[in-house]
Amino acid sequence: MAGRIARWGAVLGLGALWWWAVARLVLASGAGVLEGTVAAGGWGLSLLPVHCVPKARAEGTLAAGRWRQAWRVWLRG
């Protein structure tokens, strides 16, 4: 339970920090490198593929070495 509370606290704290940086970039004339770095870093994290699964558990994936085998067959003609 304590881990869940700490995780939610970290998420809310980092989210508030990101929104503060974006608001300062948009609204304040004195915003600078720190705010830009925080905003860009948060945006960059949103691009991470967090919904990935291991290849062995993914549906519709090919077995290891399957592409190599298909390439050899194609080269032989």
Side-chain angles (χ1 to χ4, degrees):
M1 185 70 168
R4 176 183 267 174
I5 292 171
R7 187 172 38 236
W8 273 104
V11 167
L12 291 175
L14 291 172
L17 178 67
W18 185 83
W19 277 109
W20 167 81
V22 171
R24 268 210 30 105
L25 279 172
V26 172
L27 301 173
S29 61
V33 176
L34 176 64
E35 290 86 353
T37 303
V38 171
W43 177 79
L45 285 175
S46 71
L47 299 178
L48 288 174
V50 295
H51 300 291
C52 292
V53 295
K55 189 174 182 179
R57 290 183 30 207
E59 292 182 26
T61 59
L62 296 176
R66 179 99 185 261
W67 285 108
R68 203 172 313 126
Q69 179 184 6
W71 185 252
R72 286 183 188 140
V73 170
W74 183 80
L75 285 176
R76 283 187 221 140

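In this chain, numbering begins with 1 at the start of the sequence shown.
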Treat each ILVMFWY residue as a node, draw an edge where side-chain heavy atoms are under 4.5 Å apart, and state whether W20 and W18 are in one component. no

What are the two closest non-hydrogen atoms of G30 and R24, and how far apart are they? O-NH2, 3.6 Å

CH2 (W19) with more than 12 external heavy atoms under 6.0 Å: no

State, to 0.1 Å, how close A21 and A39 come at their nearest heavy-atom pair, and which atoms those are. CB-N, 4.1 Å

